[in-house]
Amino acid sequence: TYKLAIAGGGSTYTPGIVRSLMDRLEDLPLSEIRFYDIDGERQSKVVVAAKAVIAEYTDSIKVIDTTEPETAFDDVDFVFAQMRVGKYAMRELDEKIPLSHGVVGQETCGPGGLAYGLRTIFPMVELIDFVEKYAKESCWIVNYSNPASIVAEGVRKLRPNAKVINICDMPVATMRNMAGILGVNREDLVVDYFGLNHFGWFTKVEVDGVDRLPELREHISKWGLLTEDISKIDYRHADASWIKTFKNIKPIMDFFPDYIPNPYLQYYLLPDYIVENSNKEYTRANEVMDGREQSLFETVRKFEETGILDDAFHVGVHGIFIVDVTISIAQNLAKRYLVMVENKGTIPNLPADAMIEVPALITSKGPVPEYVGEIPYFHKAMIDQQLASEKILVEAITEGSYEKALQAFTLNKTIPSAIVAKKILDDLIEANKEYWPTL
Ligand code: G6P
Ligand code: MN
């Protein structure tokens, strides 16, 4: 049996991930789950729900709720990382400050993502060091922490030998929708994909050896990444803004006639359109705070009062994927998933040290990427620009360089000019005083 720690235990995603773990106890038998968060009060509430979920399955798993790194990580086999530095209050500013300058306001794309990266790199490195100090030598950190692309680059640079696998659920969420459109199971799809995290393309979508990508493209150009009858798909993000995201992919399809773009590319290709259609006073952070956040804490309050667990904590692809990846590591299954890896020739016409997102076999020694080959010039050019923005941002963090931060912002495709880049950066410095290294 294994001991597993969840860093960022106070996340609203925790109960869903725990249910997903419970569904797979046969493949990943657990003796302990440790919840670790720097905000103990918040975490304790979430742990009430997590414990109630565990109790539905077993009484033989020991639960620890702690803010002490040693208690959390001592002798553990796996760590799930899902930290949100600055919580939703800072996500709100990441979204609203750029919007106030007429620029995309998004948690991982554009200036918001860069700001979040500046907050997250050092806490992520601190977490890695705690795990290295206390956990088993064989321990893997399976990392969902955003902005994943920048976090992956920071980890590569600062802790190159750490056992961290950086993952994101957007490719599997997209595959869930593609499967819904084709009327098959997500597990039946075999896809090829290349890019950076939140910045890539599906190049093949096979079902039973037949490439269904052309058919999917036709559908998506008409309906977006939605079935005509959206009630037929089990959407994790059933809320309006995610439906909008999956619809907004339509106008960018024509730029990639052979591929299906990751929906996040809309922020880089349609920034003006996205800004025009954004509510500058009420962003995604507000929706999440008023929705997912409130309903979890309300569920916990009710449970403590009545003993009834209102919400069954639906298991979506988010929870399923992190557990699938972990089982593939634990059992050395070499299952094929899309994850972030260091390029090292996988895509020969991108820098060898780029953190790319591609199919890889997940083994107990880590991800082994499949060779992709050269990519077209247009896609390479887009990736190179985004990569430069992210790499220079990480240099800005490690060197404490204002000039490099400004370069990173200026290079980001969502930002129209150097003057706007400087204005946004200066506002974000002010807002992030408590969190950013001095630039
Ligand atoms: C997807 C992305 C994550 C992102 C999340 C935001 O799952 O892969 O990187 O954090 O969406 O969802 P939310 O509901 O918080 O806007
Ligand atoms: Mn993601």
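Every number for a ligand or one of its atoms is a count from 1 in the order of the listing.
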Exercise for review: Quick one: closest heavy-atom pair of Ser145 and Met83, and the distance?
Suggested key: OG-N, 3.0 Å

**Study point:** Winner among Arg292, Glu107, His198, Gln106 once heavy atoms are compared against atom 6 (C) of ligand 1
**Key:** Glu107

**Study point:** Region of Arg284 that comes within reach of ligand 1 [heavy atoms, distance under 4.0 Å]
**Key:** side chain

Point to revise | Part of Tyr264 with heavy atoms under 4.0 Å of ligand 1, whether side chain, backbone, both or neither | key: side chain

Point to revise | Atom of Ile97, atom of His101 and distance for their closest heavy-atom approach | key: O-CD2, 3.3 Å

Point to revise | Stepwise side chain to side chain donor-acceptor pair (under 3.5 Å) test for Gln82 and Thr14 | key: CA-CA 9 Å; Gln82 45 163 0; Thr14 297; 3.1 Å; yes

Check your understanding: Do you know which of Arg284, Lys87, Arg84 makes salt bridge (charged side-chain N to carboxylate O under 4.0 Å, His left out) with Glu107?
Key -> Arg84

Practice item. Of the side chain and backbone of Glu293, name the one, both, or neither that has a heavy atom under 4.0 Å from an atom of ligand 1. Key: neither

Revision key, fill the gap. Under 4.0 Å from one or more heavy atoms of Cys168, ligand 1 contributes atoms 8 (O)

Revision key, fill the gap. With heavy atoms and a 4.0 Å threshold, my read on which part of Tyr116 contacts ligand 1 is neither

**Study point:** ligand 1 contact on Glu287 by region, counting heavy-atom pairs under 4.0 Å
**Key:** neither

Review point. If you count the atoms of ligand 1 from 1 in the order shown, which ones are under 4.0 Å from a heavy atom of Tyr13?
Key: 12 (O), 15 (O)

Review point. In terms of side-chain heavy atoms, does Tyr268 have a donor or acceptor partner in Gln386 at a distance below 3.5 Å?
Key: yes

Review point. Mind checking whether Asn146 has an N or O less than 3.5 Å away from an N or O of ligand 1?
Key: yes

Exercise for review: Consider only side-chain N and O atoms of Tyr264 and Asn197, and report whether a donor and an acceptor are under 3.5 Å apart.
Suggested key: no

Practice item. Is it possible for you to check whether Arg292 lies under 6.0 Å from the centre of the six-membered ring of Tyr13, through NZ or CZ, and within 45° of that ring's axis? Key: yes

Point to revise | Metal environment of the Mn ion (ligand 2), protein N/O/S under 2.8 Å | key: Cys168 SG, His198 NE2

Point to revise | Candidate list Phe256, Tyr259, Phe199, Tyr371, test ring pair (Phe, Tyr, Trp, His ring centres under 6.0 Å), partner Phe194, passing option | key: Tyr259

Check your understanding: If you measure from each heavy atom of Arg91 to ligand 1, is any distance below 4.0 Å?
Key -> yes

Exercise for review: Answer with yes or no whether Trp242 contacts ligand 1, where contact means a heavy atom under 4.0 Å from a ligand atom.
Suggested key: yes

Review point. So, Asn343 side chain and Ile347 main chain: donor-acceptor pair closer than 3.5 Å or not?
Key: yes

Practice item. Decide whether an N or O pair under 3.5 Å exists between Thr108 and ligand 1. Key: no

**Study point:** Under 3.5 Å: donor-acceptor pair, side chain of Lys51, backbone of Val63
**Key:** no

Study note, to complete from the structure: Partner of Glu395 under side-chain contact (heavy atoms from CB on, under 4.5 Å), picked from Glu153, Lys404, Glu390, is Lys404

Point to revise | Proximity to ligand 1 by part of His318, non-hydrogen separation under 4.0 Å | key: neither

Review point. For the side chain of Ser328 and the backbone of Asp324, is there at least one donor-acceptor N/O pair under 3.5 Å apart?
Key: no

